[in-house]
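Worksheet: one structure, shown below.
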Amino acid sequence: MLKSFEERERAEELLYAVGEQRRFLNRRAGARALADFAIRKLGCDGQTSRDQADVLIDAMVHGASNEDLLERVRADLAANVADFSLEELRAVMLGGSDPALRTRPVVTPRSAVRNSSRL
C-alpha cells in the first residue's frame with residue numbers, strides 16, 4: 001500500500017514538473033515571437049532578433065510578467081515610430097497572429113516536400 005502511494009506521489013510530481021516545463025517553453029516561444037515581430041517591424045537583421053529574444057527571455061526568467069514584456073516591446077516600438085497596441089502585441093505573443101505570418105505557408109520538418117521540378 002505504501003509503495004503504491006509513493007509511486008502516485010512521484011507520478012504527480014513528475015506531471016507537475018512536466019507542466020511547469022511546458023508553461024516555461026510556451027512563454028519562451030511567445031517572447032521569441034514577440035521579439036521577431038518587433039525586430040521585423042523595425043527592419044533589423046536576424047542576429048538583432050535573437051539578441052532581443054535573449055533579452056526578453058532573460059527578463060522573463062528573472063520574474064518579468066507577460067504584461068511587463070509586452071509593455072517593454074511596445075515602448076521600444078513606439079520610440080522608433082512603430083506604434084502598436086498592447087492587444088496587437090499580446091496576439092503576436094500568444095499566437096503569432098501577425099498578418100504577414102498568416103499569408104506564408106507553414107512548413108514543419110514533417111511537412112511533405114513538394115518538388116516543382118517533377119511537374
Side-chain angles (χ1 to χ4, degrees):
M1 179 79 159
L2 184 60
K3 186 174 182 175
S4 64
F5 176 75
E6 289 172 351
E7 288 173 353
R8 281 194 306 261
E9 188 176 15
R10 274 195 299 273
E12 287 178 22
E13 289 173 357
L14 180 62
L15 284 173
Y16 178 78
V18 167
E20 287 297 305
Q21 181 181 23
R22 183 175 294 134
R23 279 186 283 282
F24 174 79
L25 293 175
N26 285 339
R27 283 193 71 205
R28 185 182 74 175
R32 231 178 252 290
L34 189 59
D36 289 344
F37 174 82
I39 296 303
R40 194 171 52 250
K41 295 303 177 189
L42 296 173
C44 298
D45 62 4
Q47 181 61 43
T48 306
S49 177
R50 285 186 292 279
D51 293 342
Q52 177 69 9
D54 289 344
V55 167
L56 292 178
I57 291 167
D58 185 56
M60 183 186 76
V61 167
H62 288 93
S65 68
N66 284 352
E67 293 303 311
D68 294 337
L69 299 179
L70 291 167
E71 185 58 42
R72 182 178 189 159
V73 170
R74 190 198 62 73
D76 288 345
L77 287 168
N80 289 288
V81 193
D83 198 23
F84 291 90
S85 71
L86 286 176
E87 291 76 27
E88 291 171 307
L89 297 176
R90 189 175 294 111
V92 170
M93 186 177 201
L94 296 177
S97 65
D98 179 13
L101 294 176
R102 281 189 261 143
T103 59
R104 247 188 277 155
V106 176
V107 178
T108 64
R110 296 179 188 210
S111 297
V113 177
R114 292 192 172 106
N115 189 346
S116 61
S117 65
R118 287 189 279 166
L119 297 175

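For reference, positions follow the sequence shown, starting with 1. Keep in mind the model is a prediction, meaning the values are calculated, not measured. Just so it is clear, the values below take in all heavy atoms, side chains as well, and ignore hydrogens, waters and symmetry mates.
Applying the side chain to side chain contact (heavy atoms under 4.5 Å, CB included) criterion to Q21, with sequence neighbours excluded, gives L25. Contacts of D51 classified as side-chain hydrogen bond (donor to acceptor under 3.5 Å, both in side chains), with partners at least two apart in sequence or in another chain: Q47. For V61, the side chain to side chain contact (heavy atoms under 4.5 Å, CB included) test picks out F24, I57, with sequence neighbours left out. Take A29 and apply the side chain to side chain contact (heavy atoms under 4.5 Å, CB included) test, not counting sequence neighbours, and it matches no residue. In this view, E67 and R90 satisfy the salt bridge (charged side-chain N to carboxylate O under 4.0 Å, His left out) rule, not counting sequence neighbours. Partners of D54 by side-chain hydrogen bond (donor to acceptor under 3.5 Å, both in side chains), not counting sequence neighbours: none found.
Applying the ring pair (Phe, Tyr, Trp, His ring centres under 6.0 Å) test to residues at least two apart or on different chains, the pairs with a partner in residues 42-86 are F37-F84. Evaluation of the side-chain hydrogen bond (donor to acceptor under 3.5 Å, both in side chains) test over residues 23-33, restricted to residues two or more places apart or in two chains, returns E20-R23, R27-N66. Within the structure, the salt bridge (charged side-chain N to carboxylate O under 4.0 Å, His left out) test picks out no pair touching residues 10-19 (sequence neighbours left out).
Across L69 and A59, no two heavy atoms sit closer than the pair CD2-CB, 4.0 Å. The shortest heavy-atom contact between V92 and A33 is CG1-O, 3.8 Å. Considering all non-hydrogen atoms of both residues, T48 and I39 come closest at CG2-CD1, 3.8 Å.
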Return a table of donor-acceptor pairs under 3.5 angstrom between the side chains of residues 71-81 and protein atoms on other chains or two or more places apart.
{"from": "E71", "atom 1": "OE2", "to": "R74", "atom 2": "NE", "distance (Å)": "3.3"}
{"from": "E71", "atom 1": "OE2", "to": "R74", "atom 2": "NH2", "distance (Å)": "2.6"}
{"from": "N80", "atom 1": "ND2", "to": "D76", "atom 2": "O", "distance (Å)": "2.9"}

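Atom CG of L70 and atom CD of E88 lie 12.0 Å apart (nearest 0.5 Å).
By the 4.5 Å heavy-atom criterion applied to side chains, V18 and R22 are counted as neighbours.
Taken together through direct or relayed side-chain contacts under 4.5 Å among Ile, Leu, Val, Met, Phe, Trp and Tyr, L56 and L42 form part of one hydrophobic cluster.
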